[in-house]
Number of protein chains: 4
Amino acid sequence: MPESTPTRDRIVDAAVKLFAERGFRGTSITAIEAEAGLTPGAGGIYHHFKSKQDLLRAGVERQLSRLDALRDMRWLITDLGDLRAELTIGARYILSELDSEAELLRILASEARTGQELLISAVEKIVSNSYTELATWMRSRSDVTLTDAQANAIAALAMGSLLSSRVTATVLGGPAFPVSDEHLIATWVHGTLQLLQNPPTLP
Amino acid sequence: MPESTPTRDRIVDAAVKLFAERGFRGTSITAIEAEAGLTPGAGGIYHHFKSKQDLLRAGVERQLSRLDALRDMRWLITDLGDLRAELTIGARYILSELDSEAELLRILASEARTGQELLISAVEKIVSNSYTELATWMRSRSDVTLTDAQANAIAALAMGSLLSSRVTATVLGGPAFPVSDEHLIATWVHGTLQLLQNPPTLP
Amino acid sequence: MPESTPTRDRIVDAAVKLFAERGFRGTSITAIEAEAGLTPGAGGIYHHFKSKQDLLRAGVERQLSRLDALRDMRWLITDLGDLRAELTIGARYILSELDSEAELLRILASEARTGQELLISAVEKIVSNSYTELATWMRSRSDVTLTDAQANAIAALAMGSLLSSRVTATVLGGPAFPVSDEHLIATWVHGTLQLLQNPPTLP
Amino acid sequence: MPESTPTRDRIVDAAVKLFAERGFRGTSITAIEAEAGLTPGAGGIYHHFKSKQDLLRAGVERQLSRLDALRDMRWLITDLGDLRAELTIGARYILSELDSEAELLRILASEARTGQELLISAVEKIVSNSYTELATWMRSRSDVTLTDAQANAIAALAMGSLLSSRVTATVLGGPAFPVSDEHLIATWVHGTLQLLQNPPTLP
DNA sequence: CATGAATGAGCCTTCATTCAT
DNA sequence: AATGAATGAAGGCTCATTCAT
């Protein structure tokens, strides 16, 4: 991890902001320089990064490391004794995490298809990990015994519906469903709880 | 003339394919011409479309009209007498619709943020409409009486979890959750049914 | 001289009009086709002309032949007995001739520099000829005997001041001098007369 | 770097030269770059000018400012006591000014019709101003009292004939009249003097 | 470090011209 | 004779990147 000079940080800030707003290809080095307070078009960025791709990597990595710092899985082991309360906390936590990484999500949606390792692993971190942890937690907390398949399917459904509410808003450009977070969470908790107590029979 | 398909159609085909693969900005007119069997760089496209934007519009519109043709909502009014069976058919239908519009979804994820009227309305059509219809249907089919808020929240959750499974795969570049469609649908039907029979209390 | 079909004529009309308005380079074959009522971009023009250059030539030639038909030099040999009256008629005639060839003048101003024979000879016809005839006439009509040099210089001055009033208006885009034609002609006649009666001593 | 002149200046030089030779539309950015010693087609010009139009503006403005620097109207107030001598100096001065702005004249003839504010004001400066000053001067120097109309008409005639001798040569591609500058000036002075001493009666 | 300047590559678009129908 | 379609060439402009100062 290279030094973290003030200029370097300003460049990453500018890049992440503009990449999220306009996409990677839609953002010129010149624009990033301007946003970072460097002379536009002078290529000052290249004293800090090898290439535009390198800058993208630095940006994504910084967002991911922030995510790591933020990620506080204590809720997963906190036993409130009340499953409903725990689920509510969990839902809020997941949504806020997605919100705080909205910029990263936007970048990934625009560029993940280009098949770059870096971006794929970012998706893993931001989505799959949460999902896996959720599945594990479900298996351990459910009153009834869940098979792996059941836990996986329930977790996929649960993560998916939360993720969706943010992806449609963040990536597609506006909330697609007129449902408040409060209602969404209440319904999510209610539905997830029922699935945990009365899981489906899977072939 | 490598194909007998009218040139215009071949151009739209090529454009939709490449836009989905590489994004709008990432696709050059030259590349589209090559893919369509025209001389690359000769601008032959401009005998059929006014501009690159115009071509994007044509592509999105064609996908949308295909969607209209495809959209067969008969399942929404078919009374099989068995709610579980109806939900299963509905889930399969929604997933297959999303699958057949994967390319459009990919394009929208890349470009919808640019704030173009056209793309926004495409999102409406592909996502919001289905959601609205689902909410309406739920209110009419549920055994217990649902408030608007309840129906909306349940529909948002239900649509969201299906949409998510396709968005993560299609947009982000690979399935994020190791769950088969079969299990996903079974769990979705089970969970949705329970929500309809025992809806959450919403403040 | 090729046949004069209606279509061919319409094309030449359109070309001359547009060349004068937008210049040769600024006028596309497509625009000429549209103006002439042909399908734009279909290249229909090439059934009548070998190339865009050829069309320019045809246009200039047609204007020149019109000029020939128009050119009525009778005023040059009409002896009204009154030099002042003859000069007045001559001035009016020259100005009206320039006016009726405004389009040609505009084309020449834009394109004559390209060194094309055709255009150079057009300039000859429209300007030098008049000048030469004027010089000849002066030598024959002056009360005092004029040397060639004197006649040439006086004719150059006289033609020049008339030409100027049209060139500034027609070519440069608006009248540069706030002087009415009436005043201009009166002064021109007055001045020319004095020069003829009392020519300068030339070294 | 073939020359030590600042690049920007070399670009303007190249542009003015080529615009005069081939017209604005007829001159490609690539050609200007080549002429200025930049890599053709690399767009190096755009580090110095926003657009081709902007470059035209810079060129015209530079020529105009040169004109301002050059324009030395002292001859207009110098009282040599001898009107004939003053007129001779004036004629020489105007012709040399037009000669030194031949390139600008050529550009204006090609492009002034496009209605650009900048070019119109350039025409004003190079033509109308001289004319106005000439008219004013005439009113003040004439032995007899001149009405405004008389002064205007005489000035228009006088400026016109000088302008013409340069416009035909410079714009149309060659001298149209076989008259030496010496003879032209002598005749012009002679004629103008007679008009000032014996102005026409204007209705 | 930062900047001014330059450059190779590429992009979207226009256009004169050709040709089969 | 006219059209729909195609094409080679070029044009204006952007951009990631490099380098001397």
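Atom set for the values below is all heavy atoms of this structure, side chains included, hydrogens, waters and symmetry mates excluded. Just so we're on the same page: letters track the sequence lines, and every chain starts at 1.
When Watson-Crick and G-U wobble pairs are counted only if both distances are under 3.5 Å, E/dA20 pairs with F/dT3.
Nearest heavy atom pair, residue B/Pro40 against residue B/Thr30, reads CB-CG2, 3.6 Å.
Look at CG on A/Leu56: it is 13 Å from P on F/dA16, rounded to the nearest Å. When the P atom of E/dA6 is taken as reference, atom CZ of D/Arg8 falls 13 Å away, rounded to whole Å. If you measure from atom CD1 of A/Ile11 to atom C1' of F/dA16, you get 15 Å, rounded to the nearest angstrom. In this structure, C/Phe49 atom CZ and E/dT18 atom P are separated by 15 Å, rounded to whole Å. E/dA2 atom P lies 6 Å from atom CG of A/Leu38, rounded to whole Å. If you take CZ of A/Arg22 and C1' of F/dT14, they are 14 Å apart, rounded to a whole angstrom.
Each of B/Asp13, B/Leu55, B/Leu38, B/Val12 was checked for a side-chain contact (heavy atoms from CB on, under 4.5 Å) with B/Ile32, and the lone residue meeting it is B/Leu55.
Place D/His48 and A/Ile45 on DNA chain E by their nearest nucleotides, and A/Ile45 ends up nearer the 5' end.
With hydrogens and angles ignored, the 3.5 Å screen pairs a side-chain donor or acceptor of A/Thr27 with a backbone N or O of A/Leu18. Here the side chain of B/Glu35 pairs no donor or acceptor atom with the backbone of B/Ala15 at under 3.5 angstrom. A distance-only check finds a donor-acceptor pair linking the side chain of A/Glu33 to the backbone of A/Gly44 [under 3.5 Å].
For the pair D/Lys125 and D/Asp68, the salt-bridge criterion is met [side-chain N within less than 4.0 Å of a carboxylate O].
Considering only side-chain N and O atoms, D/Thr7 lies under 4.0 angstrom from the phosphate OP1 or OP2 of E/dA6.
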Original post:
What is the per-nucleotide protein-contact pattern of nucleotides 8-15 of chain E, from the 5' end, where B denotes a base atom under 4.0 Å from a protein heavy atom, S denotes such proximity for sugar-phosphate atoms only, and - denotes neither?
Top reply: BBBSSBBB
